[in-house]
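Scroll down for the structure; my scribbles are underneath it.
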Amino acid sequence: MPSATPELISPRSPRVLAARRLARRNFRGKERLFLAEGPQAVREAAGHQDTLVELFATVEAAERYADIIGEARAAGARIHLADEQVVADISTTVTPQGLVGICRFLDTPFARILAARPRLVAVLAHVRDPGNAGTVLRCADAAGAEAVVLTDASVDLYNPKAVRASVGSLFHLPVAVGVPVEEAVAGLRDAGVRILAADGAGTDDLDDELDKGTMGGPTAWVFGNEAWGLPEETRALADAVVRVPIHGKAESLNLATAAAVCLYASARAQRASGGCRSVTES
C-alpha cells in the first residue's frame with residue numbers, strides 16, 4: 001500500500017519544476033519527453049514498452065488506482081507521491097485526476113511506416129488545433145488505420161491537449177511527425193497507397209467513390225485545417241479530392257467527424273469482398 005504521506009509537497013521542487021516545463025513545446029522537444037494525464041493515458045503509457053519514465057500521483061489517486069501504480073512500477077517508472085497542489089501545478093487540466101505521467105516521445109520514422117506497407121493512413125496536413133489532432137488520431141485508431149502522419153505544418157503531437165484528446169490512442173499506432181506534405185504524399189504513393197484529400201469543396205463525392213468500388217485498396221486520407229480546409233497546392237497532390245455529402249441542412253461537418261466518416265468508409269471498403277484487409281485482423 002502507498003504511504004499516506006506525500007513525499008513531494010513543494011511546487012518549487014526540482015522534479016516538479018522539470019515536469020511543469022514539459023507543458024511548453026520547446027522543453028518537450030529538448031528533452032523528448034511529454035506529459036500524459038489521467039488514469040487512461042497513464043495506464044496506456046505503462047503498457048507501452050520503455051515509455052513511462054515518471055509518475056506523479058496524489059495519495060488518494062494512488063489508492064484509487066493501485067493497479068495502475070503497480071503497472072507503472074512494473075514498467076520501471078519512478079513513482080512520486082505528491083501533494084494535491086503539486087500534482088495540480090504539473091497538470092494542464094482544470095480538474096486534475098491525480099495522476100500525471102512523464103513519457104518518452106513515441107514518434108516513428110516515416111521510412112519505417114512506409115516499409116510496413118500500410119493500407120490505411122491518416123495524414124494531418126495544416127491541422128493546427130491540438131484537440132482536433134488528438135481526436136483524428138483517436139478516429140484513425142478506432143477505424144483500424146496502421147499509421148498517422150503529421151506534416152511539418154501541423155500542431156505538436158505532444159501538446160497536452162492533443163494527448164488528452166487521443167484518449168490513449170497515441171500509444172496504439174505508429175505516428176510520424178514533421179514530414180513535409182509533399183514528402184508524405186510522394187512516399188505513400190510510391191508505397192502503392194492511393195491519396196485522397198478530404199475537402200468540403202471536393203469534386204468527388206464519398207458516396208460515389210464507394211459505389212464505384214474504388215476504395216478497397218491501400219488509402220491515405222489527407223485532412224486539413226478545420227477553418228479553411230486544404231490549400232490548393234495540397235489538394236493538387238492528391239489522386240482525388242473527396243467531399244463528404246451533406247444530405248441534411250447542416251452547413252458542414254467538423255474535422256474530427258469528417259475524418260471519422262472517411263476513415264470508416266475506407267475501413268468498410270477494405271474489409272469487403274475483394275478488399276485488401278479486415279480491420280479485425282490480428
Side-chain angles (χ1 to χ4, degrees), residues 110-111 113-114 117-140 143 145-157 162 174-248 250-270 276:
F110 185 50
I113 288 175
L114 295 178
R117 309 295 290 185
R119 293 164 292 181
L120 183 57
V121 179
V123 179
L124 279 64
H126 314 283
V127 175
R128 304 293 176 82
D129 181 83
N132 281 335
T135 304
V136 174
L137 177 58
R138 183 184 183 187
C139 292
E146 282 97 356
V148 172
V149 178
L150 276 79
T151 72
D152 55 358
S154 286
V155 70
D156 176 20
L157 172 67
V175 182
V177 301
V179 184
V181 65
E182 297 84 0
E183 179 183 334
V185 168
L188 288 164
R189 183 174 284 123
D190 287 347
V193 178
R194 185 173 180 234
I195 311 299
L196 299 180
D199 193 278
T203 55
D204 297 287
D205 185 282
L206 180 61
D207 285 348
D208 292 340
E209 289 288 318
L210 287 167
D211 290 343
K212 290 186 295 185
T214 58
M215 294 181 60
T219 302
W221 282 97
V222 182
F223 302 108
N225 184 279
E226 180 165 335
W228 38 266
L230 287 166
E232 176 57 38
E233 58 269 24
T234 300
R235 294 197 299 268
L237 299 171
D239 296 307
V241 182
V242 181
R243 68 182 182 276
V244 176
I246 302 294
H247 299 300
E251 185 271 332
S252 64
L253 295 174
N254 65 31
L255 173 61
T257 303
V261 171
C262 294
L263 290 164
Y264 267 92
S266 286
R268 181 172 184 176
Q270 290 182 356
C276 70

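Judged as a salt bridge (charged side-chain N to carboxylate O under 4.0 Å, His left out), the pairs with a partner in residues 210-221 (not counting sequence neighbours) are, in order, Glu209-Lys212.
Residue Cys139 comes nearest to Ala260 through the heavy atom pair SG-CB, 3.8 Å, listed as atom of the first residue, atom of the second, then distance. In plain terms, the two heavy atoms of Leu263 and Leu120 that are nearest each other are O-CD2, 3.9 Å. Residues Ser154 and Leu124 come closest through the heavy atom pair OG-O, 2.7 Å. Ser266 approaches Met215 most closely through the heavy-atom pair OG-CE, 3.3 Å. Minimum interatomic distance between Leu230 and Ala198 (heavy atoms only, all atoms of both residues): CD1-O, 3.6 Å. Residue Asp207 comes nearest to His247 through the heavy atom pair OD2-NE2, 3.3 Å, listed as atom of the first residue, atom of the second, then distance.
Residues passing the side-chain contact (heavy atoms from CB on, under 4.5 Å) test with Pro180 are Asp152, Glu182, Glu183, sequence neighbours excluded.
Other residues, nucleotides and ligands place no more than 12 heavy atoms under 6.0 Å from the CZ atom of Arg138.
For the atom pair CG of Asn254 and CG of Asn132, the computed distance is 7.0 Å after rounding to the nearest 0.5 Å.
The closest side-chain heavy-atom distance from Arg194 to Thr214 is below 4.5 Å.
If you run side chain to side chain contact (heavy atoms under 4.5 Å, CB included) between Pro130 and each of Leu157, Thr135, Val155, only Val155 comes through.
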